[in-house]
There are 2 protein chains.
Amino acid sequence: MTEAETKAAKQSKSQRAYQWIKERIANHQFTPGYRLVLGTIAAELGMSVVPVREAIRQLEAEGLVTFERNVGAHVAMLDEDRYSASMQALSLIEAAAVALAAPTLKPDDLRRAREVNDHMREILDPPLGFDPHAFTVLNQKFHAILYRACPNRRLIELIEAEWARLGNMRDSIFAFVPDRARESVREHDALLDLIERRAPAHEIEHAMRRHRAGTLQALLSHTHPDQPVRLPDL
Amino acid sequence: MTEAETKAAKQSKSQRAYQWIKERIANHQFTPGYRLVLGTIAAELGMSVVPVREAIRQLEAEGLVTFERNVGAHVAMLDEDRYSASMQALSLIEAAAVALAAPTLKPDDLRRAREVNDHMREILDPPLGFDPHAFTVLNQKFHAILYRACPNRRLIELIEAEWARLGNMRDSIFAFVPDRARESVREHDALLDLIERRAPAHEIEHAMRRHRAGTLQALLSHTHPDQPVRLPDL
DNA sequence: TGCGCGGGTATCGTATACGATTTCGGATAC
DNA sequence: GTATCCGAAATCGTATACGATACCCGCGCA
């Protein structure tokens, strides 16, 4: 038995189910609204329904899954209002985290962030067409470098939980609004400049809020081209 | 069968267990570190262990309970660092929520908030000694009036989840540091003034952050009188 | 043709049962 | 007297079983 197998065996089945389902949701193998049938999942994982139910309860508490008595579980579907609210919450929390992280960021972190952002810039105009998924992955990486340096662990947890909640739709934005990608890269540069020159925390926080809000705004104006700006901003 | 009973019967046992345990934690009937034995709770509630396990898993996901494989569940115990981090997160999120809520607060809301705060001031110097618990209840009420008006529902959810997480220790602060209560009442007044005169959002947000941070600071200096200020503030 | 109505099936909710793991106390050796 | 080991008791983890509920579909009736 390998080390990995030993470790896996040590994990409870309910934990395995939890991770398995969460992974599929993150992957988009289970898309919003998808029905999670206890028996089917249990069979697929070679376990009984009990651990699967527990896993689903946990996911429900995290907001990734909705659960209805005597009906079943579905991958959570965020309507537009909820999505906007969640995105704004993420924006506010992440901005604070990055502002707190800024003074502790090492030159090496900044260098890595710049590398990622340069890579993002490079794939903006590729020979074979823009790849929104690749861009999104890099974008996430860029943000993570910044907020993960935050000394407040709880904020990091909250950011990542919210990030997971938004999961699905979040990724599609650069597919819908490729112009926003270009703008994002510029804003990333500006943000790194602010951090590098040790700008005051409130400036960094503000820049970060505007950056996230801009992305949300872009998505909203795309889905409702007729409606005016309506972000209740801070 | 009464209406209430019908409704109760319609709820799943796992939901009842969830609420029952959560209530006890909020009550301090189950204090941090208290061991939650599945069988005992199940017997007390007249159900089997399965629903109780589910309930505990949900509470674990919310951070109110810790769970260790093959060992059992305990009411979550926050060490000081975690507590500070969580409190700071609450401070940041609530400040944003109140800043967003401020423009929408009706004169009636403000009047109610003032009433609560006046009540808090009254019980600062009572004939029979200061009652920190009563003060805490009013304090919570005061804060809730403000942040509940926030148009962003998700922020409200996050605030209340964090509030529940902090639950236990949070309440004891005014018992430890009664002077902070006096200061709190003054800050509440100042905050209401800002809101009433429609101060810019960032001023309200800042005042709110300082208010919460001040309370945390008071608690920290109380538990470590020798140590200097060390709040990584925004 | 359209609309209830009833029954069958899929799925959920929970109890019970039992093997697995940890914990704790006592016996034994030093 | 202290440390260590062993076994019993407590508790956890999960499978299985079965009643309860909701959903689907076809039938009868208007």
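Within every chain, numbering begins at 1; the chains are lettered A, B, ... in the order of the sequence lines, protein sequences first and strands thereafter.
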Query raised in the report: Among B/Glu205, B/Glu162, B/Glu94, which residue meets the salt bridge (Lys or Arg N to Asp or Glu O under 4.0 Å) test with B/Arg212?
Result: B/Glu94

Query raised in the report: Between A/His133 and A/His28, is the ring centre distance below 6.0 Å?
Result: no

Report summary line: By nearest-heavy-atom nucleotide on DNA chain D, the more 5' of B/Gly72 and A/Asn70 is B/Gly72

Tell me the interatomic distance from [X], atom [atom1], to [N], atom [atom2], rounded to whole angstroms.
X       : N      : atom1 : atom2 : result
B/Lys13 : D/dT21 : NZ    : C1'   : 15 Å
B/Glu68 : D/dC12 : CD    : C1'   : 12 Å
A/Leu38 : C/dG13 : CG    : C1'   : 10 Å
A/Arg53 : D/dA15 : CZ    : C1'   : 15 Å
A/Phe67 : C/dT14 : CZ    : P     : 9 Å
A/Met47 : C/dG19 : CE    : P     : 21 Å
A/His74 : D/dA22 : NE2   : C1'   : 12 Å
B/Leu45 : C/dA15 : CG    : C1'   : 15 Å

Report task. Select base, sugar-phosphate, or nothing to describe what B/Val50 touches, counting heavy atoms under 4.0 Å on all strands. Result -> base

Report task. Would you indicate what A/Leu36 reaches in the nucleic acid, counting non-hydrogen atoms under 4.0 angstrom: base, sugar-phosphate, or nothing? Result -> sugar-phosphate

Report summary line: Closest to the side chain of A/Pro51, out of D/dA15, D/dC12, C/dT14, is D/dA15

Requested in this report: Please determine, for the side chain of B/Arg35, which listed nucleotide (C/dT14, D/dG13, D/dC12) has the closest atom?
Outcome: D/dC12

Query - Heavy-atom side-chain proximity of A/Lys22 to A/Glu62 below 4.5 angstrom - result: yes

Query raised in the report: Aromatic rings A/His211 and A/His143: how do their planes relate, parallel, tilted or perpendicular, breaks at 30° and 60°?
Result: parallel

